[in-house]
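Some notes on the structure that comes next.
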Amino acid sequence: MNKEVVSGAFGEVFTGSFTQQEPIPEAGIEAAVAVLRHGRLHRYNTAAGEVAEAVLLEQEFAALVGAKFCLAVASGGYALGCALRAVGMAAGAPVLTNAFTLAPVPGAIAAAGGRPIFVETTPDLTIDFEDLAAKARATGARILMLSHMRGHICDMDALGALCAGFGVQIIEDCAHTMGAAWRGTPSGRHGVVGCYSMQTYKHINAGEGGFLISDDAEIMARATLLSGSYMLYSKHLAGPDAAVYEDLRLHTPNVSGRMDNLRAAILRPQLPLLEGRVARWQGLYRVIETGLHGVTGLVLPHRPQAEHFAPSSFQFRLPDWSQARIGAFLSRCLARGVELKWFGADKPVAFTSRYDHWAYAGAQSCPKTDAVLAGLIDMRLPLTFSEGDAAQIARIIRAEALAVGQGPEPEAGEMPVIQ
Ligand SMILES: *Cc1c(COP(=O)(O)O)cnc(C)c1O
């Protein structure tokens, strides 16, 4: 046994919380209290000459990502469903999406009346182009809902060319890539619509919330009408001109999912912090990546040069490990305060559900994805962690991966359950 293994078995314990985000900035708290004091929480309830917090938020986010238009809505999942309807998805249409994603993505497709078609995942956790082409051909799908799952961005240049060849429109799910970019272009600006989430565990925190961005006036007019604008769309200063609504306003149903001024007030002061947050996340990521380098049997995802990533979580793979070995490893890490999740479980646990758990989408088989998920470990990286914390977490994972990976085959035990 080498020294690392021995120190691992008796070593340090991490005491931080994997679910504790940073507090809302004071400016956000003050702005929220101001909204509560004046009482005009609904986005269309404004005093004479007042521009609603929701509108200001939309203008500021559009400027941040360089989009012509922005619409703030109630959640990321709502943004995805709204985008599908706004691009004119037909009832029952096939919609290509990543087999490795989270439940709100296929859920949004199904809720909008589409049919999720799951596309394989590469070992680097991005969409598999070969399978994408095969399924675009086989199903005739004209929409790809691309999930930048866990912040891993595929080659967007190659994807753009591939989709253009099939006449497939891309809607980007940027729930894990707000503040990220591919070759200098912000994530969310590569497809026809970009969607984001402001749920507590994402990059800016309002509890719940979502954005749609696009340069397409008609799509955004439809999205705005869908979101429940009544006939007050001219109040959307980050939306298209009123004339664009003329032909659409009587033909677009109201599916209420508006952003309110309270959450907008909480979010606005977080936008200028995003760049710094992304830099801090990258710092944490690099510390862990360095700390886990060279562990036999533990594979880190490749991060391409062109990718500017915003890693609010960390992934690694233990390919070829038995379920019993993974279980023992997760339990030992948990006993030392390190909460890791496994995407290979037969049943959904907390947020780690898989494509084959979404029975409403019909049985589909993605064997490459199955093989990747069988060894995929996931960890949250809240910004309440310091780089010192990240280094300690990496030491613990490293020691336990070596101890369990090189030890005898453990007895099959219960998988630890982390919410
Ligand atoms: C969080 C998330 C969403 C949107 O979720 P909401 O909870 O509806 O804001 C979409 N896709 C992924 C991958 C997510 O993690």
Side-chain angles (χ1 to χ4, degrees), residues 18-19 21 57 61 70-85 95-112 114 116 118-119 121 125-127 143-154 170-180 187-188 191 193-213 223 226-227 255-260 263-264 266-267 270 281 301 309-315 341 343 348-355 357-358 361 369 372-373 376 378-382 419:
F18 283 82
T19 51
Q21 302 293 68
L57 174 70
F61 191 70
C70 175
L71 174 70
V73 293
S75 72
Y78 183 90
L80 294 172
C82 184
L84 286 168
R85 290 192 174 99
V95 177
L96 300 158
T97 194
N98 306 56
F100 175 46
T101 185
L102 288 180
V105 178
I109 296 170
F118 297 118
V119 179
T121 302
L125 309 178
T126 58
I127 199 159
I143 302 172
L144 165 63
M145 181 158 275
L146 176 68
S147 187
H148 301 294
M149 179 60 172
R150 287 340 227 173
H152 299 270
I153 303 178
C154 71
I170 303 171
I171 296 172
E172 291 183 73
D173 165 26
C174 304
H176 300 166
T177 54
M178 186 186 283
S187 188
V193 184
C195 300
Y196 305 79
S197 170
M198 289 84 95
Q199 185 252 61
T200 291
Y201 292 109
K202 312 300 163 89
H203 302 83
I204 56 174
N205 174 12
E208 304 284 357
F211 284 129
L212 288 90
I213 57 158
L226 282 162
S227 77
V255 188
S256 292
R258 293 170 299 270
M259 166 64 66
D260 58 86
R263 282 178 297 165
I266 292 168
L267 288 166
Q270 295 182 57
W281 264 308
F309 58 112
S312 53
S313 63
F314 192 98
Q315 291 72 43
K341 308 222 172 172
F343 270 96
V349 179
F351 62 77
T352 56
S353 64
R354 299 191 317 201
Y355 77 92
H357 301 146
W358 305 320
T369 303
V372 169
L373 298 188
L376 182 62
D378 183 86
M379 177 171 73
R380 279 187 169 133
L381 275 186
Q419 293 308 315

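Note that the structure is a prediction, hence the values are computed from the model and not measured. Ligands are counted one by one from 1 in listed order, and the atoms in each one are counted from 1 as well.
One finds the CD1 atom of I153 at 12.5 Å from the NE2 atom of H176 (value rounded to the nearest 0.5 Å).
Annotation: L80 places no N or O atom under 3.5 Å from an N or O atom of ligand 1; distance criterion only. Between K202 and ligand 1, a contact under 3.5 Å exists for at least one N or O pair. For ligand 1, the polar-atom distance check against H176 finds a nitrogen or oxygen pair separated by under 3.5 Å. Checked by distance only, ligand 1 and D173 come closer than 3.5 Å through their nitrogen or oxygen atoms. Backbone and side-chain nitrogen or oxygen atoms of P104 are examined, and none is located within less than 3.5 angstrom of a nitrogen or oxygen of ligand 1. Between S197 and ligand 1, at least one pair of N/O atoms sits closer than 3.5 Å.
Neither the backbone nor the side chain of M198 comes within 4.0 Å of ligand 1, counting heavy atoms alone.
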- Message: Could you go through H152 and Q315, starting from their C-alpha distance and side-chain angles, then the distance that decides it, and tell me whether this counts as side chain to side chain donor-acceptor pair (under 3.5 Å)?
- Response: CA-CA 10 Å; H152 299 270; Q315 291 72 43; 2.8 Å; yes
- Item | Worked check of side-chain contact (heavy atoms from CB on, under 4.5 Å) between M178 and K202 | CA-CA 8 Å; M178 186 186 283; K202 312 300 163 89; over 6 Å; no
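Those atoms of ligand 1 with a heavy atom of V105 less than 4.0 angstrom away are 11 (N). Each of the following atoms of ligand 1 lies closer than 4.0 Å to a heavy atom of A175: 2 (C), 3 (C), 10 (C), 11 (N), 12 (C), 14 (C).
Shown here for S147 and D173, the closest heavy-atom pair between the two residues is OG-OD2, 2.8 Å. Between F211 and C70, the closest heavy-atom pair is CD2-SG, 3.6 Å.
At the top of the distance list for atom 8 (O) of ligand 1, counting protein heavy atoms only, stands G77 N, 2.7 Å.
Note on ring orientation: taking the six-membered ring where Trp is involved, the planes of W358 and F118 are tilted (angle from 30° to 60°).
A cation-pi arrangement is found for R380 relative to Y201, the charged atom lying closer than 6.0 Å to the ring centre and inside a 45° cone about the ring normal.
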